[in-house]
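Each remark here refers to the structure printed beneath this line.
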Amino acid sequence: MTSFTVADHTYMTLALRLAEQGLYSTQPNPRVGCVIVKNNQIIGQGAHLKAGEPHAEVFALREAGASAKEADAYVTLEPCNHQGRTPPCVDALIIAGIKRVVVAMQDPNPLVAGKGIQRLQAHGIEVKLGLMEAEANALNPGFISRMTRGLPYVRSKVAASLDGSTALNNGQSQWITSDAARQDVQHWRAQSCAILTGIGSVLADNPSMNVRLPDLLRQPLRVVVDSKLQIPLDAKILQGGNTLIAYANGLQHRSNGLQAAGASLLQVAGDEGKVCLKSLLSHLASLGINEVMVEAGGRLNGALLAQNLIDELLIYYAPKLMGSQSKGMFALPTLIDMRQAIDLQLLDIRQIGKDIRLRAKPIQTAD
C-alpha cells in the first residue's frame, strides 16, 4: 500500500480546493486542481476552469516557471496524455522536468485511464496514486458516471414537509421551504449540466428552471419530459432557448411550433406511450452532460427511482405538516412487503436556514 506524508495530504487538500473553483464551469470536463512544490514551498498552483482553456497542470507550471525542474506535482486527476482541445498535460510535466507526481485518482476516460501515468513513468518520473481518492471522486461524480456507465449522475431535489408532502391536494406547493433552502438549491443547479423536469410540473407551476446566481458563466440545459408534447408555447421554460423536450408521440404541428419557439426535440418512445427515461439520460450523456438535477413531481421521480436511475436524493424538509391527503415525493407501485422498500445510504444531513437538508443514495437493487 502506498504511504503518504502529512505534507502530501496538505498539498493535495489544497489541490482539491483549487479544483472546486471549476464547480460551476468546467463541464463537460472534470474539475481538476494542481499544486507544484519544491523544497517544501508551493511554487505554482492552478485549476481547470473551462473546457477549451488550459488544464490545471498548465496554469501551475506557468506560475512555477523554470523552478518546476526537480519539483513535485500534486494533481487531483491523472494528467491527460492525449491531444484534445488542449495539448497533453503529461508532455508539459515532462518538459518542465517534474520529478514526482502525486495523483489522487486515475482518469476514468478510456482515452487516458492509466496511460498518462504510464507515460510519466516511462520518462523516469515517480508517480504515486491514490492520495485522497474518495475526495477526488466526490468532486466529479458526473464525469466518472458518464465515462464508466454512459449515463450522467442523476441527483433528484425534493422539497417536502416533515410528513413527506410536496404539495397540497389542490397542487399548491409554493413555498414549502424557506428562502435559505431555495438559495441553496441555486448552487446545486449551477453545478449541474442539465435540469430535468416533467410536464406536470410545467403545467402546475410554470417554472423557469434557470440559475439565479451572480457572475454565472453558463446556464444548464433545461429538459422537459413531455410524452405527448402538451407544453404551452408560452411556457417560461421555453424562453431564451436552451431547452430540450423529450417526447414519445406528438402531432407534427406541435413539434413545428416548439422548434419555432427555440426548443430542441428528442423522440425517445418507451413502453405505454411514455418517454424512455434511460434512453433520454443516455442521450444527455452523449451531449457531454455530466450531472443532471431532477426537479419534478412524484410521478417522474417515482419512475426514475423505480428504474434505478437516481444516484442521489437531495431532500429539503421544512418544519411543517401538510397531512395525509397531500401529494407525496415518489409515486411508486403499492408495496406488499417491507423487503420491497428502497433502502437509502445517508451521505449528509444539516440545517439550512430553518429547514433540514438530507443527502442520500438509493441502494440499488438488481434489474
Side-chain angles (χ1 to χ4, degrees), residues 1-37 40 42 44-51 55-60 72-80 89 93 98 100-109 112-114 116-117 120 126-149 152-155 184 187-188 190-193 290-293 311-314 344-350 352 357-364:
M1 182 177 179
T2 305
S3 60
F4 298 100
T5 67
V6 172
D8 287 336
H9 281 84
T10 299
Y11 298 133
M12 187 61 79
T13 297
L14 175 57
L16 288 164
R17 288 177 181 168
L18 289 166
E20 289 176 354
Q21 294 179 8
L23 196 63
Y24 303 151
S25 59
T26 62
Q27 296 86 344
N29 289 356
R31 300 139 185 160
V32 184
C34 177
V35 175
I36 309 292
V37 178
N40 298 316
I42 296 172
Q45 50 187 305
H48 181 49
L49 299 178
K50 188 177 180 182
H55 290 184
E57 297 94 324
V58 173
F59 281 120
D72 295 343
Y74 293 83
V75 193
T76 59
L77 183 71
E78 176 185 3
C80 62
C89 289
L93 293 167
I98 293 290
R100 176 174 174 260
V101 179
V102 181
V103 179
M105 62 172 285
Q106 182 173 299
D107 194 328
N109 186 344
V112 186
I117 291 173
L120 291 171
E126 179 187 359
V127 180
K128 300 184 77 173
L129 175 66
L131 175 60
M132 304 183 74
E133 182 177 11
E135 291 85 347
N137 272 275
L139 265 177
N140 289 297
F143 181 75
I144 294 168
S145 177
R146 183 165 64 86
M147 289 297 162
T148 58
R149 303 188 302 163
Y153 186 87
V154 177
R155 182 181 289 115
D184 189 65
H187 293 277
W188 290 99
Q191 74 178 63
S192 303
C193 305
N290 289 335
E291 296 178 34
V292 171
M293 185 160 171
D311 298 296
E312 181 180 326
L313 298 173
L314 185 66
L344 304 176
Q345 174 193 355
L346 288 178
L347 302 177
D348 180 69
I349 184 167
R350 65 185 65 192
I352 305 291
R357 189 189 74 193
L358 181 149
R359 292 177 56 215
K361 289 182 72 70
I363 297 175
Q364 302 291 343

What I want to check is whether the side chains of Asn29 and Thr26 have a donor and an acceptor closer together than 3.5 Å.
no
Taking all non-hydrogen atoms of both residues, which atom of Gly33 and which atom of Ala19 are closest, and how far apart?
N-CB, 3.4 Å
Set of residues satisfying side-chain contact (heavy atoms from CB on, under 4.5 Å) with respect to Thr10, sequence neighbours excluded
Val6
Not counting sequence neighbours, which residues clear side-chain hydrogen bond (donor to acceptor under 3.5 Å, both in side chains) with Arg155? List them please.
Glu291, Glu312
Taking side chain to side chain donor-acceptor pair (under 3.5 Å) as the cut-off, I'd like each qualifying pair that reaches into residues 12-24, sequence neighbours left out, listed once.
Tyr24-His187
Side chain to side chain, Ile36 and Glu57, heavy atoms closer than 4.5 Å
no
Is the shortest side-chain heavy-atom distance between Arg357 and Trp188 below 4.5 Å?
yes
Applying side-chain contact (heavy atoms from CB on, under 4.5 Å) to Lys50 and not counting sequence neighbours gives Glu53
Does a side-chain heavy-atom distance below 4.5 Å link Leu18 with Val35?
yes
Of the non-hydrogen atoms in Pro79 and Val103, which two are nearest, and what is the gap between them?
CD-CG2, 4.1 Å
Just verifying a value: how many Å separate Asn290 CG and Cys193 SG, rounded to the nearest 0.5 Å?
4.5 Å
In chain order, what residues pass the side-chain contact (heavy atoms from CB on, under 4.5 Å) check against Ala113, with sequence neighbours excluded?
Gln106
Enter the distance from Ile349:CD1 to Leu358:CG here, rounded to the nearest 0.5 Å.
5.0 Å
Taking side chain as C-beta onward, heavy atoms only, is Leu344 less than 4.5 Å from Pro362?
yes
Who pairs with Glu78 by salt bridge (Lys or Arg N to Asp or Glu O under 4.0 Å), at least two apart in sequence or on another chain?
none
Are Pro28 and Arg146 side-chain neighbours, meaning at least one heavy-atom pair lies under 4.5 Å?
yes
Quick one: do His55 and Cys80 satisfy side chain to side chain contact (heavy atoms under 4.5 Å, CB included)? Show the steps, please.
CA-CA 9 Å; His55 290 184; Cys80 62; 3.7 Å; yes
Please list, one pair per line, the donor and acceptor atoms closer than 3.5 Å that link side chains of residues 130-143 to other protein atoms, with sequence neighbours excluded.
from	atom 1	to	atom 2	distance (Å)
Asn137	ND2	Glu133	O	2.9
Asn140	OD1	Arg31	N	2.7
Asn140	ND2	Arg31	O	3.0

Please name the pair of heavy atoms, one in Leu314 and one in Arg359, separated by the smallest distance, quoted to 0.1 Å.
CD1-CG, 3.5 Å
Interatomic distance, Leu347 atom CG to Gln345 atom CD [nearest 0.5 angstrom]
5.5 Å
Residues at least two apart in sequence or cross-chain that pass ring pair (Phe, Tyr, Trp, His ring centres under 6.0 Å) with Tyr11, listed by chain then number, are Tyr74
Any idea which heavy atoms bring Ala360 and Leu346 closest together, and the distance?
CB-CD2, 4.1 Å
Partner residues of Asp311 under the side-chain hydrogen bond (donor to acceptor under 3.5 Å, both in side chains) criterion, sequence neighbours left out:
Arg149
Taken to the nearest 0.5 Å, the spacing of Met105 CE from Leu77 CG works out to 5.5 Å
Pairwise distance OG(Ser145) to CE(Met147) - rounded to 0.5 angstrom
10.5 Å
Are any of the side-chain nitrogens in Asp184 or Arg350 under 4.0 Å away from the carboxylate oxygens of its partner?
no
I need the Phe59 CZ to His48 NE2 distance, nearest 0.5 Å.
8.5 Å
Does the side chain of Val101 come within less than 4.5 Å of Ile98's, by heavy atoms?
yes
Taking all heavy atoms of Leu49 and all of Gly22, pick out the closest pair and write down the distance.
CD2-N, 4.2 Å
Check: Lys128 side chain, Ala104 main-chain N or O, donor-acceptor pair, under 3.5 Å:
no
With side chains defined as the heavy atoms from C-beta onward, is the minimum distance between Asp72 and Val102 less than 4.5 Å?
no
